There are 2 protein chains.
Amino acid sequence: MTQIKHNQLPGKTVERLSQYRRILYNSIREGKTNIYSHELAKMMNLTPVQVRRDLMLIGYSGSQSKGYVIKDLVDLIGRIIDSKEGQKIIIVGMGNLGRAITSYFVGKREKLFIVAAFDNDLQKTDRIVAGVPCYHVNRLKEVIEKESIRIAVLTLAPEATHEVARKLLDAGIRGILNYTSVPLTVPPGIYLEEYDIVTSLEKLAYLVKQ
Amino acid sequence: MTQIKHNQLPGKTVERLSQYRRILYNSIREGKTNIYSHELAKMMNLTPVQVRRDLMLIGYSGSQSKGYVIKDLVDLIGRIIDSKEGQKIIIVGMGNLGRAITSYFVGKREKLFIVAAFDNDLQKTDRIVAGVPCYHVNRLKEVIEKESIRIAVLTLAPEATHEVARKLLDAGIRGILNYTSVPLTVPPGIYLEEYDIVTSLEKLAYLVKQ
DNA sequence: GGCATATTGTGAAATTTGTATCAACATAAA
DNA sequence: TTTATGTTGATACAAATTTCACAATATGCC
């Protein structure tokens with residue numbers, strides 16, 4: 001097997017790899033075994049060059065006649081993105097959004113597990129919500145440490161965000177996906193992704209207005 | 001008032017403007033009237049230069065002694081992002097995610113209105129869901145045209161995505177925010193934003209793994 | 001006034017991200 | 001065998017975005 005060098009893939013490439021793989025899963029299901037860059041590009045709404053560039057970066061080679069072998073490519077993307085034992089994830093804040101994300105996500109990926117949820121509402125805690133055990137937030141550290149959890153999704157009320165984030169880092173969380181409307185700051189070595197629905201809608205509104 | 005030239009602001013700048021405004025609302029609530037670039041930068045997790053650059057692009061000037069006048073800045077961002085009469089938005093797909101987004105969003109912005117939702121489940125249609133009237137999808141075109149709706153949020157099952165997108169464009173939708181896991185292609189002049197939770201999580205997992 | 005300090009605004013450089021071009025090569029058909 | 005076609009891989013180029021560096025200027029203090 002080719003020696004892979006993917007020490008520092010561009011962020012956008014990583015995102016596209018995730019999406020390539022999802023599309024390729026579908027292609028496999030349809031019985032396809034090989035795929036050309038222009039086919040994949042069309043399905044992803046990209047240029048063929050960009051597809052080939054991404055695959056070049058992860059050191060995968062196709063053949064001029066048959067294109068890329070889907071199964072090999074999926075496996076390689078898996079070795080790059082997934083960790084062997086899988087990653088555990090927690091959801092903090094089991095309001096509408098937290099529950100929606102949880103039930104949407106559960107079982108979607110082989111190597112990513114939502115193993116716990118947290119809330120400060122006693123109505124929700126100490127029971128199964130959307131298929132996941134929901135604990136009171138004051139047990140964050142305990143559960144994170146016991147289960148060696150590294151990734152947290154924040155879907156809680158704005159007021160509590162900063163305090164919870166601090167506790168998460170203290171407990172050993174290394175990556176945060178922040179869906180609250182409160183921008184966070186994290187120390188070096190901690191990874192943060194932020195996404196806000198309102199911002200996306202306002203951007204669209206701006207574009208449509210033109 | 002300064003003549004504004006914002007024909008074609010960079011996409012990233014538009015996103016940040018939306019976020020500046022949200023933060024500035026809070027600052028106003030706390031009684032602040034002026035703000036320096038480095039203060040805003042710190043709250044947003046950016047560099048002061050980037051803040052000043054963005055404000056330069058929208059033609060807003062501050063003073064060396066007092067920084068920026070928050071109220072003026074908020075107003076200016078509003079004139080750039082918002083349209084005077086506001087923009088109407090529909091949600092297509094009232095599953096968990098659709099309902100969560102709707103109830104999260106309702107009332108969040110003065111100039112953005114979720115005016116209708118659609119689903120193909122008769123259990124959900126012709127009633128108020130999360131504060132918004134929910135119609136059957138076969139009434140998409142009718143409602144969109146009657147209400148002059150330009151923006152749609154897609155939170156439906158993957159299978160139906162392509163067909164629904166086609167209908168939306170046919171009915172006159174100009175901007176789509178796609179939360180399904182199916183990449184879309186749209187003709188020129190139509191704006192598309194795509195976001196996928198799984199991709200964000202996989203990216204985080206990749207980063208944390210390093 | 002004169003000096004130290006702090007802030008804005010901006011041209012230019014650097015970085016990141018995406019695109020165009022083309023040589024090399026495999027296949028199929030003449 | 002030769003030619004036409006189509007694809008990959010790679011280099012060069014272009015566009016978008018961020019950061020650097022610093023002039024210009026306002027304020028407060030001596």
Side-chain angles (χ1 to χ4, degrees), chain A residues 2-20 32-70 72-73 76 183 188 193-194 199 203 206-207, chain B residues 2-20 32-70 72-73 76 183 185 188 191-194 199 203 207:
Chain A
T2 332
Q3 183 56 31
I4 311 147
K5 49 150 192 212
H6 49 90
N7 318 9
Q8 216 46 346
L9 290 174
K12 302 273 183 169
T13 294
V14 176
E15 291 173 15
R16 282 191 297 266
L17 288 175
S18 161
Q19 291 166 345
Y20 294 150
K32 270 180 86 81
T33 60
N34 293 69
I35 195 166
Y36 296 117
S37 60
H38 68 260
E39 296 177 295
L40 194 43
K42 177 147 196 197
M43 290 190 269
M44 290 262 314
N45 224 354
L46 302 170
T47 66
V49 186
Q50 193 161 42
V51 172
R52 294 204 295 276
R53 163 67 79 91
D54 285 335
L55 301 193
M56 192 180 80
L57 288 176
I58 63 172
Y60 186 66
S61 284
S63 95
Q64 285 94 338
S65 42
K66 306 280 187 170
Y68 304 94
V69 178
I70 297 181
D72 292 353
L73 184 47
L76 178 57
E193 295 278 310
E194 311 210 85
T199 293
K203 183 180 180 188
Y206 165 81
L207 292 169
Chain B
T2 332
Q3 182 58 30
I4 311 149
K5 47 147 196 228
H6 50 90
N7 318 8
Q8 216 46 346
L9 289 175
K12 303 273 183 158
T13 294
V14 176
E15 291 173 15
R16 282 192 297 266
L17 288 174
S18 161
Q19 292 166 345
Y20 293 151
K32 270 180 87 80
T33 59
N34 294 70
I35 195 166
Y36 295 116
S37 61
H38 68 262
E39 295 178 293
L40 194 43
K42 177 145 195 198
M43 290 190 270
M44 290 260 316
N45 225 353
L46 303 170
T47 66
V49 187
Q50 195 161 42
V51 171
R52 296 202 295 274
R53 171 78 60 188
D54 286 334
L55 301 194
M56 190 180 85
L57 288 176
I58 63 173
Y60 186 67
S61 284
S63 94
Q64 285 95 336
S65 42
K66 308 280 187 169
Y68 304 96
V69 178
I70 296 180
D72 291 353
L73 183 47
L76 178 57
T185 307
Y191 298 97
L192 173 66
E193 297 277 310
E194 310 210 86
T199 294
K203 184 179 179 190
L207 291 169

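In this text, all values refer to a predicted model and were calculated from it rather than measured experimentally. Computation of the quantities below employed the complete heavy-atom set of this structure, encompassing side-chain atoms and omitting hydrogens, waters and symmetry-equivalent molecules.
Counting distance only, with no hydrogens placed and no angle test, the side-chain atoms of B/Arg53 and the base atoms of D/dT19 include a donor-acceptor pair under 3.5 Å.
Residue B/Tyr68 places at least one side-chain N or O under 4.0 Å from the OP1 or OP2 atom of C/dG9. Look at B/Arg52 and you'll find a side-chain N or O under 4.0 angstrom from OP1 or OP2 of C/dT8. OP1 or OP2 of D/dT17 has not a single side-chain nitrogen or oxygen of B/Gln50 nearer than 4.0 Å. For A/Thr47 and C/dA20, the shortest distance from a side-chain N or O to OP1 or OP2 is not below 4.0 Å. The side chain of A/Arg16 places an N or O atom within less than 4.0 Å of a non-bridging phosphate oxygen (OP1 or OP2) of C/dG18. For the pair B/Ser65 and D/dT27, the criterion of a side-chain N or O lying under 4.0 Å from OP1 or OP2 is met.
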Side chain to side chain contact (heavy atoms under 4.5 Å, CB included), that's the test. Do B/Val69 and B/Thr33 meet it? Break it down for me. CA-CA 6 Å; B/Val69 178; B/Thr33 59; over 6 Å; no

Step-by-step side chain to side chain contact (heavy atoms under 4.5 Å, CB included) determination, B/Lys203 to A/Leu17: CA-CA 9 Å; B/Lys203 184 179 179 190; A/Leu17 288 175; over 6 Å; no

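Each of A/Pro10 and B/Val49 was matched to the nucleotide of DNA chain C holding its nearest heavy atom; the match closer to the 5' end belongs to B/Val49.
Summarising the geometry, the separation between CE on B/Met56 and P on C/dG11 is reported as 7 Å, rounded to the nearest angstrom. Between A/Leu55 atom CG and D/dG9 atom C1' there is a gap of 11 Å when expressed in whole angstrom units. Separating the CG atom of B/Leu46 from the P atom of D/dT17 is a distance of 15 Å, rounded to the nearest angstrom. Remark: P of C/dT8 and CG of B/Leu40 are 10 Å apart, rounded to the nearest angstrom. With rounding to whole Å, B/Lys66 atom NZ is found 13 Å from C/dT7 atom P. Taking atom CD of A/Gln64 as the reference point, atom C1' of C/dA26 lies 6 Å away to the nearest angstrom. Atom OH of B/Tyr60 is separated from atom P of C/dT8 by 11 Å (rounded to the nearest Å). When the P atom of D/dT8 is taken as reference, atom CG of A/Asn34 falls 11 Å away, rounded to whole Å.
Within the 3.5 Å criterion, the main-chain N or O of B/Gln64 finds no donor-acceptor partner in the side chain of B/Tyr36.
A/Ser37 and A/Arg52 make their closest contact through OG-NH1, 3.1 Å (heavy atoms, listed as atom of the first residue, atom of the second, distance). Of all non-hydrogen atoms in A/Tyr20 and A/Val51, the two that sit nearest each other are OH-CA, 3.5 Å.
Contact annotation for B/Ser63: backbone-only contact, meaning every heavy-atom pair under 4.0 Å involves sugar-phosphate atoms and none involves a base.
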